[in-house]
Peer 1: 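Once you've had a glance at the structure underneath, I'll fire off some questions.
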Amino acid sequence: MKNFYITTPIYYPSAKPHMGHAYSSISADVIARFKRLESFNVNFLTGTDEHGLKIQRAAEKENKSPKDFCDIISKNFLDLTKKLNLSNTDFIRTTEKRHIDTVVRLWKTLVQKKEIYISKYSGWYSISDEAFYTNDEIEEKNGTKLSKTTGSRVDWVEEDSYFFKLSKWQSHLLDFYSNNPNFISPLVRKNEIVSFVKSGLKDLSISRTSFNWGIPVPSDNKHVIYVWLDALTNYISALNYYEKNNKNEFWPADFHIIGKDIIRFHCVYWPAFLLAADIKPPKKIFAHGWILSGEEKMSKSKGNILDPIEIIDNYGLDEIRYYLMKEVIYGEDGKITPENLANCINSDLANNIGNLYQRITSIIHSRLESKIPNCSPKDSTDVKILNLIDNNLNNLIATFNKLEIHNYTKSLIQLFSEVNKYVNDTAPWSLKEDSLDKRNIILYCVLEFLRKAFILLQPIIPDKSKIILDSLNVPNDERSIINITNSFKILPGTKINKIEILFKKHDN
Ligand code: MSP
């Protein structure tokens, strides 16, 4: 079995998780599940980013020590992995020993390789972004200095600091991007990064002295390590990278899934740290867009934060997973509105997918004692439905692997529409005595379509797919892509189990 390693960003647990965080995680989960369908051995990592001034301030507000504070709030993100039905195989907290040990080892390696020197930092810093900005990157609004890109407040900072020789890596990075053309996706992000690096890289401040909630710099504990150097290392510390154990077979990671706001850290700093430490960079970084609340960016001050738990409780988990994967172009911004959500659930999930299953199985329950009929389809219209998924399989797989998850989902739903049309045209419920063979053929072909289609829908709607595949008695170890064209077929004579309504309709 080939290994596959995928990660989400690790989340700042200073505030409650919102729909943007859930989106990063759900999309990574869909990919992890798809790679398992393709029979990869998948390591899927998520977690929380717990050091830095932002967390220290949030803990102070609650009158708690940062560690006690993190122990409580990190749980919100751990709970969210359950609520989202993530198939993660690990959850890392940057306050764990395996992480701290790895960051210290990486730091020492960089020192040994003369990649780090001490000097003084003076410049702008945003606590909210935990990022340094140059004069060109800030603007003034109502007397406050703000980052032009994120709009968050920046303050002037002057302190002793260790620096990483980032400038030295400029041409290596540019070579790396051109030798690995798929390293950054989508293209628009790659172009952004390449032009940023071409415009010149300055050495990077990688330690702070004005607060202490972080990993102390080895042998100079006035300093704590810059939270981004600390956080990025999670991707290898979760593997206990320096322990040289079996888990290292997962490195380099196949995909880091991130939001477009954090590409500079992942596409410039991270590969530079790794190259400097003689570690291979990850294979691919994919930056998705923003989830907007209506037409706007979510923010506390606007009061439009979308709470994933509330949305899931109102609409259902698979429903929201489906909506996000189909309606948001992966890599671009997308919005969530109650109307769009209800429309999508009603038309695709209830009227198309759910209806097809219900129409076919209700005939089987009422006329065939719930048993799958015996038949051998020969007419080209029937055989077409029987093989509809097989004939589209290569395209579907290629589309998914280009990370066009929205197109993959759309193509599947179009196939459901085609099968619904076939059922409308052939009207199996109206076929009586002298046409029972024909009726059975129609039912069988649609059931086979459903078996294959729900195998492919598992990454997106895992709970509902399981219900359907269970009802069709598809064995658990026959639910991979390989089983679509191979071996298991729906067995005539097997009983189909009755299920509740799959998808409820919503008012819009
Ligand atoms: N802790 C850093 C990541 C370190 S990774 C080594 C961080 N955390 S975060 O909690 O602020 O954001 C985590 C992810 O959530 C980011 O990828 C970010 O893009 C994503 N989202 C936050 N708001 C979002 C939306 N409104 N929409 C989509 N994703 C957004 O950054």
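We count ligands from 1, going down the list as the structure has it; atoms in each ligand are counted the same way.
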Peer 1: Does R264 make a cation-pi contact with Y269, if we ask for NZ or CZ under 6.0 Å from the ring centre and within 45° of the axis?
Peer 2: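 Cation-pi check for R264 and Y269: fails.
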
Peer 1: Of the side chain and backbone of Y235, name the one, both, or neither that has a heavy atom under 4.0 Å from an atom of ligand 1.
Peer 2: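 The answer is the side chain of Y235.
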
Peer 1: Assign the ring pair F164 / F273 to parallel, tilted or perpendicular, where the plane angle (0 to 90°) is split at 30° and 60°.
Peer 2: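 Plane angle over 60°, so perpendicular.
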
Peer 1: Could you give me the CA-CA distance, side-chain angles and deciding distance for W169 and F176, then say whether ring-ring contact (aromatic ring centres under 6.0 Å, His included) is met?
Peer 2: CA-CA 10 Å; W169 291 94; F176 180 76; over 10 Å; no

Peer 1: Indicate, as side chain, backbone, both or neither, the part of H266 found under 4.0 angstrom from ligand 1 when only non-hydrogen atoms are considered.
Peer 2: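 Looking at H266 and ligand 1, just side chain atoms fall under 4.0 Å.
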
Peer 1: With backbone taken as N, CA, C and O and side chain as the heavy atoms from C-beta onward, which portion of K297 lies under 4.0 Å from ligand 1: side chain, backbone, both, or neither?
Peer 2: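 Neither part.
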
Peer 1: Examine K280 relative to W251 and say whether NZ or CZ is less than 6.0 Å from the centre of the six-membered ring and inside a 45° cone about the ring axis.
Peer 2: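 No, a cation-pi geometry is absent between K280 and W251.
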
Peer 1: Is it true that W228 lies under 4.0 Å from ligand 1, counting heavy atoms only?
Peer 2: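 In this structure, W228 qualifies as a contact of ligand 1 - some heavy atom is under 4.0 Å.
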
Peer 1: Considering the heavy atoms of H288, write down every atom of ligand 1 situated less than 4.0 Å from one of them.
Peer 2: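 Ligand 1 atoms under the 4.0 Å threshold to H288: 28 (C), 29 (N).
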
Peer 1: Suppose we measure from atom 2 (C) of ligand 1 to each protein heavy atom; which comes out shortest, and what is that distance?
Peer 2: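 Looking only at protein heavy atoms, the one closest to atom 2 (C) of ligand 1 is I10 O, 3.5 Å.
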
Peer 1: Does any pair with a residue in residues 173-185 pass side chain to side chain donor-acceptor pair (under 3.5 Å), and if so which ones, sequence neighbours excluded?
Peer 2: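 Non-adjacent pairs meeting side chain to side chain donor-acceptor pair (under 3.5 Å): S185-K284.
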
Peer 1: Who's closest to atom 12 (O) of ligand 1 heavy-atom-wise, of H21, E50, K260?
Peer 2: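 Checking each option, the heavy atom nearest atom 12 (O) of ligand 1 is found in H21.
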
Peer 1: Please work out whether any backbone atom (N, CA, C, O) or any side-chain heavy atom from C-beta onward of I262 is under 4.0 Å from ligand 1, and answer side chain, backbone, both or neither.
Peer 2: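 Answer for I262: side chain.
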
Peer 1: Say whether N234, considering both its backbone and side-chain N or O atoms, lies within less than 3.5 Å of an N or O atom on ligand 1.
Peer 2: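 Between N234 and ligand 1, no N or O pair is found under 3.5 Å apart.
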
Peer 1: Around atom NZ of K244, are there more than 12 heavy atoms of other residues, nucleotides or ligands at under 6.0 Å?
Peer 2: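 For K244, atom NZ is crowded (more than 12 foreign heavy atoms under 6.0 Å).
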
Peer 1: Which residue supplies the protein heavy atom nearest to atom 20 (C) of ligand 1, what is that atom called, and how far is it?
Peer 2: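 For atom 20 (C) of ligand 1, the nearest protein heavy atom comes out as S24 OG, 4.0 Å.
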
Peer 1: Please determine if Y12 has a nitrogen or oxygen closer than 3.5 Å to a nitrogen or oxygen of ligand 1.
Peer 2: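 Yes.
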
Peer 1: So do F44 and Y5 actually touch side chain to side chain, heavy atoms under 4.5 Å?
Peer 2: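 No - every pair of side-chain heavy atoms lies 4.5 Å or more apart.
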
Peer 1: Could you give all pairs that pass the salt bridge (charged side-chain N to carboxylate O under 4.0 Å, His left out) test and reach residues 3-31, with sequence neighbours left out?
Peer 2: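 Qualifying pairs: D29-R33, D29-R321.
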
